[in-house]
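A short worksheet on the structure shown next.
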Amino acid sequence: MSKSYNHSYIEEKWTKNWEEHPINVNDGKRPKYYCLDMFPYPSGNGLHVGHWRGYVISDVWSRYKIMNGHYVIHPMGWDAFGLPAENYAIKMGVQPAVSTAENIRNIKKQIKKIAAVYDWDMELNTTDPKFFKWTQWIFEKLFEKGLAYEKEMPINWCPSCKTGLANEEVVDGKCERCGAEVTKKNLKQWMLKITEYADRLLDDLDKLDWPEKVKKMQTEWIGRSFGAEVDFQIDGRDEKITVYTTRPDTLYGATFMVLAPEHELSKSLATGEQAAEVEKYISDAANKSNVDRLQGKEKTGVFTGSYAINPLNGEKIPIWLSDYVLADYGTGAIMCVPAHDDRDFAFAKKFGLKIRQVISKDGKETDDMEEAYTDASGTMINSGEWNGMESAELKVKAPHIVEEKGFGRAKKNFKIRDWVFSRQRYWGEPIPIIHCPKCGEVLVPEDELPLKLPEVDRYEPTGTGESPLAAIDSFVNCKCPKCGSDAKRETNTMPQWAGSSWYFLRYVDVNNDKELVNREKADRFLPVDMYIGGVEHAVLHLLYSRFWTKFLYDLGVIGFDEPFIKLFNQGMITGKNGVKMSKSKGNVVSPDDLVRDYGCDSLRLYELFVGPPELDSEWDERGIDGVYRFLCKAWNMVLENREKQVEPTKELLRLRHQLIHTISTRLEAFSLNTVVSGFMEFNNKFLKLKGGVDRETLETFVILLAPFAPHISEELWQELGHETSVFAEKWPQADTEAMKEDTVEIPVQVNGKIRATIEVAADAEKEAVLIAAKEAVADKLQGSVVKEIYVPGKIVNIVVK
RNA sequence: GCCGGCGUGUCGGAAUGGCAGACGAGACAGACUCAAAAUCUGUUGUCCUUCGCGGGCGUGUGGGUUCAAGUCCCACCGCCGGCACCA
């Protein structure tokens, strides 16, 4: 008897065989199923066991769908632009294109060891001009539709490295590399108007079968609120200050007003004796980094000396400046209702400003409020003609009332900002714009796309904050495509998000050089049915992808406006004590050695067995022994029973259908760790059967195991005498009648404590069960029986007093 | 601060309100072996016990609902993640 199976031989054999005879066929008749992995960034560090997890999950799901009769689109590609590649290339003195290609070769080799059914004919790479031609094309369409524009924006600037920094490179307000204090520098940036799509991005979340957590994160990120803009006349001047408020119902309670220091009127509002102090506050705020500004929870502020008129009651209220008001949200100015807003309350308390309650739970005024009453429920008081109204009702009506009265209008606001789309870097898609002194911003003509990166020796940052491309004259200088005058190319490149915002559309038509994707193919194979990847992309990548998909839908390029119908976020695999795997921590576990020693099938099973797929799990080196032993035992179980000619008894039939039911329902519920334990459990049961296992049950076992451990299953399938692939088999259906047990063990409780166990027929009548139960616990039944509960097939509980 | 998620043996983890600890790891004992590894068998929450059964206690803490709570409700503690002055 063989104690272990030869995984190396089997896995090699079937890898080759599947290459020659693909198991996933598009015969034009099968319904499609698109199962997508978030494509990896081809880092030089290679894959660790954590990367495997998502790929194993998606592959199990893909193989399951294949066995359910689908043609599965299951592609893989490379998100290869970006900072790390550029920095690595600078350090090593090689072209990013060269090192990237090298990394892709290595990672592809590693990924192939997973034995996923990826269709490598669909492979794509965001840095391939054939691909990014269409990334640039999308930008041109956005520009044509007025959704791409230029704007002065502050970027993170390291004065010591003389370079712009990504947010990820700024740690605690300091440059990640040199530790210098990061400052802001204003640079002209390309922006994309994602805000134009904010409503749709929010409303369409309802259509998606996504984790609630991710939907919530996107909802908050978009941050829609309804309220009103209200105009306040400045006392003694012609100008008005407009504020945004979500609580126009509390307008009578507005006792002061606060402007952001950056507000355009801030300086001019300062009167005589306040001028110096105001000036100082404004310049202090400008010098404070964002981090400092957010750290100081204690409110600061300064009175301008000016007053505004509350348009509702004509009251004169003081105007203050404070940095708790954000310049770039709303109008950069707020009306303050300290009685009903926590921040306004704290500010009023600190500076001794008037607090007027306008909403009351019981209709009476509270003496000495200790905290703001922020609920929009209660009765209006101190509010003139609004007195006695319900605040919740008024909150909805008030925007329209101020509109009718002529000093405001209903207004919707968003937290989401437009997308800063340019990077001052070399290794990204060039933005296809030409700056002409006469015509302004002109698009590179479509037939000149792709606009490739120049191949040069130096692509270090320039030191001025500009892109390295700015130093390359042959790239920069060009003629205006419109008027022919000397012009200059845009030298900023696109962010790494660009390619990943639409790559999933391209897989189904990677070689198309006429269009982004053929519409017929798009209609047939898209959208993505299942998208699997880490939760770290909950907001940015998933929001940008949805934005571009909606834009392309509006253009008519595709016929759907949501890219990913279902989303699954797998948890991280960490090292000991939940520490993230990283080279610097020295806790990286490489899958390559494990594949060599235990085989791909064992590693696949252990990736699933390690814990619930949606939660983080710690990698335990020894754990893989367990699944390896299971595979050896399963191998022997099948081979030993193969020749036995066992009759399918009722018990075997029952076990077979219980197995189908267990595996199928757990798989459908994505409870993949318990799928593996389910296989182990049934295998143990089969091994204990004296009479052996019948052929059909063995075959069922192998078919069910196939998506999880494909090589060993395929080999066993062949050993069972089949010439076709196990993946050509249909996923079995459980017969619920055959599953049923004849007798069941029923625990008998007395007052909720188990005192005995009885065995009864599965279809026994309640009365009979209760009689048997009472017999079994007769000695425990002191006192009178108050209640008898029988949950059929589950439990008996007898309550005595 | 707010919003999520989680808290179960030595460890990873199982449990549509119905026998807590499935499955696996580890440990211990035994078989095989000259020996070890591998493999196989058994034991393995905890306490009491007359060691024969049996019984008490046990799912972060305190309360509640229920015939019955790891599971539902309330309050709290701890860890992880997200957002963080959004008017």
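Computed from a predicted structure; not experimentally measured. Letters go in sequence order (proteins before strands), and every chain restarts at 1.
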Are [X] and [N] close enough that a side-chain N or O sits under 4.0 Å from OP1 or OP2?
X        : N      : result
A:Asn684 : B:rG24 : yes
A:Tyr324 : B:rA87 : no
A:Arg629 : B:rA38 : no
A:Ser225 : B:rA87 : yes
A:Asn673 : B:rA14 : yes

Base-pairing string, 5' to 3', of RNA chain B - Watson-Crick or wobble, under 3.5 Å, | interstrand: (((((((..(((.....[....)))((((((.......))))))((((.....))))..(((((..]....))))))))))))....
Output field: ring centroids A:Trp320/A:Phe347 closer than 6.0 Å: yes
Are A:Tyr197 and A:Trp419 close enough that their ring centers fall under 6.0 Å? no
Could you tell me if [Y] and [X] have a donor-acceptor pair between their side chains, going purely by distance under 3.5 Å?
X        : Y        : value
A:Tyr281 : A:Ser266 : no
A:Thr743 : A:Glu759 : yes
A:Thr674 : A:Ser671 : yes

May I have the distance from [X] (atom [atom1]) to [N] (atom [atom2]), rounded to whole angstrom?
X        : N      : atom1 : atom2 : answer
A:Asp341 : B:rC85 : CG    : C1'   : 9 Å
A:Asn797 : B:rA69 : CG    : P     : 10 Å
A:Lys580 : B:rC79 : NZ    : P     : 21 Å
A:Leu615 : B:rG7  : CG    : P     : 8 Å
A:Ile624 : B:rA25 : CD1   : P     : 12 Å
A:Phe609 : B:rG13 : CZ    : C1'   : 8 Å
A:Ile754 : B:rG18 : CD1   : C1'   : 9 Å
A:Lys215 : B:rC3  : NZ    : C1'   : 17 Å

Can you identify which nucleotide, out of [options], has its nearest atom closest to the [X] side chain?
X        : options                : value
A:Glu220 : B:rC83, B:rC23, B:rG56 : B:rC83
A:Thr674 : B:rC85, B:rA14, B:rG56 : B:rA14
A:Met680 : B:rC19, B:rC85, B:rC23 : B:rC23
A:Lys633 : B:rA68, B:rC85, B:rC40 : B:rC40
A:Asp323 : B:rC85, B:rC3, B:rG56  : B:rC85
A:Thr245 : B:rA87, B:rC19, B:rC67 : B:rA87
A:Lys753 : B:rG4, B:rC85, B:rC57  : B:rC57
A:Pro747 : B:rG55, B:rC19, B:rC3  : B:rC19
A:Lys787 : B:rG18, B:rC67, B:rA87 : B:rC67

Specify the residue among A:Val796 and A:Tyr606 whose closest nucleotide of RNA chain B lies further upstream toward the 5′ end. A:Tyr606
Toward the 5' end of RNA chain B, which comes first, A:Ile795 or A:Arg622, by nearest nucleotide? A:Ile795
Say you pick atom [atom1] in [N] and the same atom in [M]; how far apart are they, in whole Å?
N      : M      : atom1 : value
B:rA68 : B:rU49 : C1'   : 28 Å
B:rA37 : B:rC32 : C1'   : 12 Å
B:rC40 : B:rC23 : P     : 15 Å

Would B:rG24 be called syn or anti here, given the cut-off of 90° from 0? anti
Is B:rG62 syn or is it anti, if syn means the base angle is within 90 degrees of 0? anti
With distance as the sole criterion, do the side chain of A:Lys794 and the base of B:rC19 form a donor-acceptor contact below 3.5 Å? no
Contact between A:Phe708 and A:Phe679 at the side-chain level, heavy atoms closer than 4.5 Å - yes or no? yes
Just to be sure I understand the rule, does A:Glu681 reach a base, reach only the sugar-phosphate, or reach nothing, if contact means heavy atoms closer than 4.0 Å? sugar-phosphate
Judged by atom type as modelled, is there a donor-acceptor pair below 3.5 Å linking the side chain of A:Gln218 to the main-chain atoms of A:Ala538? yes
Using modelled atom types only, decide if a donor and an acceptor are shared between the side chain of A:Asp601 and the backbone of A:Ile712 within a distance under 3.5 Å. yes
Parallel, tilted or perpendicular for A:His7 and A:Tyr628, by the 30°/60° rule? perpendicular
